[in-house]
*Asks:* 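What follows is a single structure, and I will ask about it in a moment.
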Amino acid sequence: LVAVGTDKDIILTNTTGDLDLGTITAAGDTVTITNNGGNITDDNGGTLNITADDVTLASSTGVGSSGDPIETTTVSLTASASESSSPIYIDNTLTDLTSVSASVKDSDVGINDDSTALLTFDDSNDDLSCAVTGVDIIFANTNGGIAINSLNAGSADVTLTASGAITQSSGTLTAGTATMTAGTNI
């Protein structure tokens, strides 16, 4: 699926079953994919799935898999999975991300930028880490806590939201501005 010209956004919605992605291109524009009926999965192996300036992926039961993540080329990435045990796995290549937003219901997250682990959340211990500076980070765990583990966004902004507590397991939190909202304590 290719959008030709300028201001040619792609919006794709599925309501039943998994949505298997091939190649979607909206260079310079926006791709929004919503699957209320299952997973958003990679149907072309290691080949790039989405090229756009802004990419939004929203699924009920997960985005990509640890063995076959969704491959993107974008500067702004938003991903969410609304049900428990619904992980998010995305590899971004060829462009540097400037902002990442992820929301899960106590599920694993693995978002890489040029093969570097950008944002990682381990649902077994609620550890959240970020290893790439200069990227605005928004992360929400809608069914549990967040344990900060070496989250370094440099001068970029970090926004964390948890239905449980936000704690620090190790390392430091470095950000231009850090905003935290917790259901219990910080």
*Asks:* When rounded to the nearest 0.5 angstrom, what distance separates CG in D136 from OG in S99?
*Replies:* 6.0 Å
*Asks:* Between V100 and M180, is there shared hydrophobic-cluster membership here, with clusters defined by ILVMFWY side-chain heavy atoms closer than 4.5 Å?
*Replies:*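 Same hydrophobic cluster.
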*Asks:* Could you tell me if D122 and S124 have a donor-acceptor pair between their side chains, going purely by distance under 3.5 Å?
*Replies:*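 Distance-only check passes for S124 and D122.
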*Asks:* Distance only, no hydrogens: is a donor on one side chain within 3.5 Å (strictly under) of an acceptor on the other, for T15 and N36?
*Replies:*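 Judged by distance alone, the side chains do not pair up.
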*Asks:* If you compare all heavy atoms of D113 against all heavy atoms of L97, which two are closest, and at what distance to 0.1 Å?
*Replies:* OD2-N, 3.2 Å
*Asks:* Do I40 and I33 touch side chain to side chain, with heavy atoms closer than 4.5 Å?
*Replies:* yes
*Asks:* Decide yes or no for I50 and E71: does some side-chain heavy atom of the first lie under 4.5 Å from some side-chain heavy atom of the second?
*Replies:* no
*Asks:* Within the structure provided, determine whether F139 and L119 are in side-chain contact (heavy-atom separation under 4.5 Å).
*Replies:*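 Answer yes - side chains close enough.
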*Asks:* Considering non-hydrogen atoms only, spot the tightest contact between V31 and T51 and give its length.
*Replies:*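 Looks like CG2-O, 4.5 Å.
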*Asks:* Would a distance-only check, ignoring hydrogens and angles, find a side-chain to backbone donor-acceptor pair under 3.5 Å from T172 to S150?
*Replies:* no
*Asks:* Tell me the closest heavy-atom pair linking V158 and A153, and the distance in Å.
*Replies:* CG2-CB, 3.6 Å
*Asks:* Taking T47 for its side chain and G45 for its backbone only, find out whether a donor-acceptor pair lies under 3.5 Å.
*Replies:*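 Judged by distance alone, no pair lies under 3.5 Å.
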*Asks:* About how many Å separate OG1 of T34 and CG of L12, when rounded to the nearest 0.5 Å?
*Replies:* 8.0 Å
*Asks:* Which is it for N44 and N49 under the side-chain hydrogen bond (donor to acceptor under 3.5 Å, both in side chains) test, yes or no, and what are the steps along the way?
*Replies:* CA-CA 7 Å; N44 66 1; N49 295 110; 2.9 Å; yes
*Asks:* Does any N or O in the side chain of T61 come within less than 3.5 Å of the main-chain N or O of G38, such that one atom is a donor and the other an acceptor?
*Replies:* yes
*Asks:* Would you say that Y89 contacts D68 through its side chain, given a criterion of any heavy-atom pair below 4.5 Å between the two side chains?
*Replies:*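 Y89 vs D68: side chains apart.
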*Asks:* Got L57 and S80 here, is their nearest side-chain heavy-atom distance under 4.5 Å?
*Replies:*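 Counting from C-beta outward, L57 and S80 never come under 4.5 Å.
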*Asks:* Considering all heavy atoms of both residues, which atom of I166 and which atom of L160 are nearest to each other, and what is their separation?
*Replies:* CD1-O, 3.9 Å
*Asks:* Counting only N and O atoms by type, is there a donor-acceptor contact under 3.5 Å from the side chain of S107 to the main-chain atoms of V104?
*Replies:*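 A pair under 3.5 Å: no.
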*Asks:* Can you tell me how far apart CG (N143) and OG (S85) are? Round to the nearest 0.5 Å.
*Replies:* 9.5 Å
*Asks:* Can you tell me how far apart CG (D53) and OG1 (T95) are? Round to the nearest 0.5 Å.
*Replies:*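 So the gap between those two atoms works out to 8.5 Å.
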*Asks:* Side chains of V135 and L118: does their closest heavy-atom pair fall under 4.5 Å?
*Replies:* yes
*Asks:* Please report the interatomic distance OG1(T142) to NZ(K105), rounded to the nearest 0.5 Å.
*Replies:* 6.0 Å
*Asks:* Would you give the length of the straight line joining atom CD1 of I148 to atom CG of D126, rounded to the nearest 0.5 angstrom?
*Replies:* 12.0 Å
*Asks:* Which atom pair, heavy atoms only, marks the closest approach of I88 to I90?
*Replies:* CG2-CD1, 3.8 Å
*Asks:* State, to 0.1 Å, how close A182 and G164 come at their nearest heavy-atom pair, and which atoms those are.
*Replies:*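 Smallest heavy-atom distance, with atoms named: CB-O, 3.4 Å.
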*Asks:* Would D20 and T41 count as a side-chain hydrogen bond (donor to acceptor under 3.5 Å, both in side chains) if you check the C-alpha gap in whole Å, the side-chain angles of each, and the deciding distance to 0.1 Å?
*Replies:* CA-CA 5 Å; D20 303 325; T41 61; 2.4 Å; yes
*Asks:* T120 side chain to S129 main-chain N or O, any donor-acceptor pair under 3.5 Å?
*Replies:*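 Not confirmed, T120 side chain does not pair with S129 backbone.
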*Asks:* Would you say L173 ends up clustered with I137 if hydrophobic residues are merged whenever their side chains have heavy atoms under 4.5 Å apart, either directly or through other cluster members?
*Replies:* yes
*Asks:* Is there a donor-acceptor contact under 3.5 Å from the side chain of S155 to the main chain of G176?
*Replies:* no
*Asks:* Examine the side chains of D127 and S169 and answer whether a donor and an acceptor come within less than 3.5 Å of each other.
*Replies:* yes
*Asks:* Is a side-chain donor or acceptor of N35 paired with a backbone partner of G17 at a separation under 3.5 angstrom?
*Replies:* yes
*Asks:* Any sub-3.5 Å donor-acceptor pair from T74's side-chain atoms to L77's backbone N or O?
*Replies:*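 Not confirmed, T74 side chain does not pair with L77 backbone.
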*Asks:* So does T30 get a backbone contact from the side chain of D9, meaning a donor-acceptor N/O pair under 3.5 Å?
*Replies:*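 Answer holds: yes.
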*Asks:* Is there a donor-acceptor pair under 3.5 Å between the side chain of N141 and the backbone N or O of A162?
*Replies:*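 No, the answer is negative, given that no donor and acceptor are paired below the 3.5 Å cut-off.
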*Asks:* Is there a path of hydrophobic side-chain contacts, each under 4.5 Å between heavy atoms of I, L, V, M, F, W or Y residues, that connects F121 with I186?
*Replies:*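 In one cluster: yes.
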*Asks:* Just do the side-chain hydrogen bond (donor to acceptor under 3.5 Å, both in side chains) check on N92 and T72 with the steps written out, would you?
*Replies:* CA-CA 5 Å; N92 190 69; T72 63; 2.7 Å; yes
*Asks:* Is there a side-chain contact between D43 and L21 in this structure, where contact means two heavy atoms from C-beta onward sitting under 4.5 Å apart?
*Replies:* no
*Asks:* Answer whether the closest heavy-atom distance between the side chains of T78 and V55 falls below 4.5 Å.
*Replies:*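 Contact flag for T78/V55 side chains = no.
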*Asks:* If you measure only the distance, is there a donor-acceptor pair under 3.5 Å linking the side chains of N39 and S59?
*Replies:* no
